Participant: 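Okay, here's the structure, questions in a sec.
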Amino acid sequence: MAIAENIARVQERLAAAARRARRHPDAITLMGVSKTFPVEAIREAHAAGLRVFGENRVQEFAEKALGVSELVGAEWHLIGHLQSNKASKAAEIFHAVDAVDSLRLAEKLDAAANKLGKKLALLIEVNIGGETAKSGLAAGSAEFAQLLQAAERLEHLEIRGLMTIPPFTENPEDARPFFRRLRELRDATAMRRLARVRMETLSMGMSHDFEVAIEEGSTCVRVGTAIFGERERP
Ligand SMILES: *Cc1c(COP(=O)(O)O)cnc(C)c1O
């Protein structure tokens, strides 16, 4: 019950932010980040109309997958850092990998998707704040360019856009320049019209800053706490 109310409240805030930016709310996907929460919570969110879910660990979702397999129309995204040795499992259980941060990982995912006879959607994770402790490719890096170039031969992958987690700030306004920078990178990349690269998705914004992210062009907000409640600290 609480989850349905939370979703309704988040959707109102999402729509209000879209209106401020003169954007259509339907252009923004609300992803429910269900990591650490049980299958029952996911079912509740699905019953309330949520269809796109984000999990950050392969093993955790592998354990939940059976319990959510009958949820019609649900789409599962891996949003956490993926180690190459778990690429096959990830390709098997997720529709999309939203935090691809190396060419080597993209190649592993392509091979795994090929074996499974499926197409895997992916986003390139960009370390927009240049933080040493965070994963993601640097915006102007050689590897970012190489990954985009490689898309042409990675035929089992569909590159759909970019994802970022900006440096944490108490005041969500302080994240605005980072969101803007990701949007500018997306636009500049889209202009290059690279083969087999779509640059539509901008996955940015979490519980505390998703409204600012929407004002800066986000097309997918990843919301955990504001939907499912506080997570227990490990
Ligand atoms: C946990 C997580 C989120 C959700 O964070 P909240 O602050 O709980 O909304 C979003 N994106 C990623 C990559 C995450 O790991």
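Values in this document were obtained by computation on a predicted structure and should not be read as measured data. Keep in mind that the numbers below use all heavy atoms, side chains included, and drop hydrogens, waters and symmetry copies. Ligands are counted one by one from 1 in listed order, and the atoms in each one are counted from 1 as well.
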Participant: Would you check whether Arg231 reaches within less than 4.0 Å of ligand 1, judged by its heavy atoms?
Facilitator: yes
Participant: Using the benzene-type ring in the case of Trp, are the ring centres of Trp76 and Phe94 under 6.0 Å apart?
Facilitator: no
Participant: Starting from atom 8 (O) of ligand 1, which protein heavy atom do you reach first, and at what distance in Å?
Facilitator: Thr225 OG1, 2.5 Å
Participant: Among protein heavy atoms, which sits nearest to atom 12 (C) of ligand 1, and what does the distance come to when rounded to 0.1 Å?
Facilitator: Ile79 CD1, 3.5 Å
Participant: What atoms of ligand 1 come within less than 4.0 Å of a heavy atom belonging to Ile165?
Facilitator: 13 (C)
Participant: Any nitrogen or oxygen of Ala226, side chain or backbone, less than 3.5 Å from one on ligand 1?
Facilitator: no
Participant: For atom 9 (O) of ligand 1, what's the nearest protein heavy atom and its distance?
Facilitator: Ser207 OG, 2.5 Å
Participant: Going by heavy-atom distance to atom 14 (C) of ligand 1, choose the closest among Arg222, Met206, Lys35.
Facilitator: Lys35
Participant: Does a donor on one side chain and an acceptor on the other come within less than 3.5 Å for Thr36 and Glu232?
Facilitator: no
Participant: Under a 4.5 Å cut-off applied to non-hydrogen side-chain atoms, are Leu78 and Asp98 in contact?
Facilitator: no
Participant: Using a strict threshold of under 4.0 Å (side-chain N to carboxylate O), is an ion pair present between Glu216 and Arg183?
Facilitator: yes
Participant: Is it the side chain (CB and beyond), the backbone, both or neither of Val223 that lies under 4.0 Å from ligand 1, heavy atoms counted?
Facilitator: backbone
Participant: Determine the sole option in Arg176, Arg22, Arg180, Arg23 for which the side chain to side chain donor-acceptor pair (under 3.5 Å) test with Glu215 is passed.
Facilitator: Arg176
Participant: Among side-chain atoms of His77 and Glu75, is any donor-acceptor pair under 3.5 angstrom?
Facilitator: yes
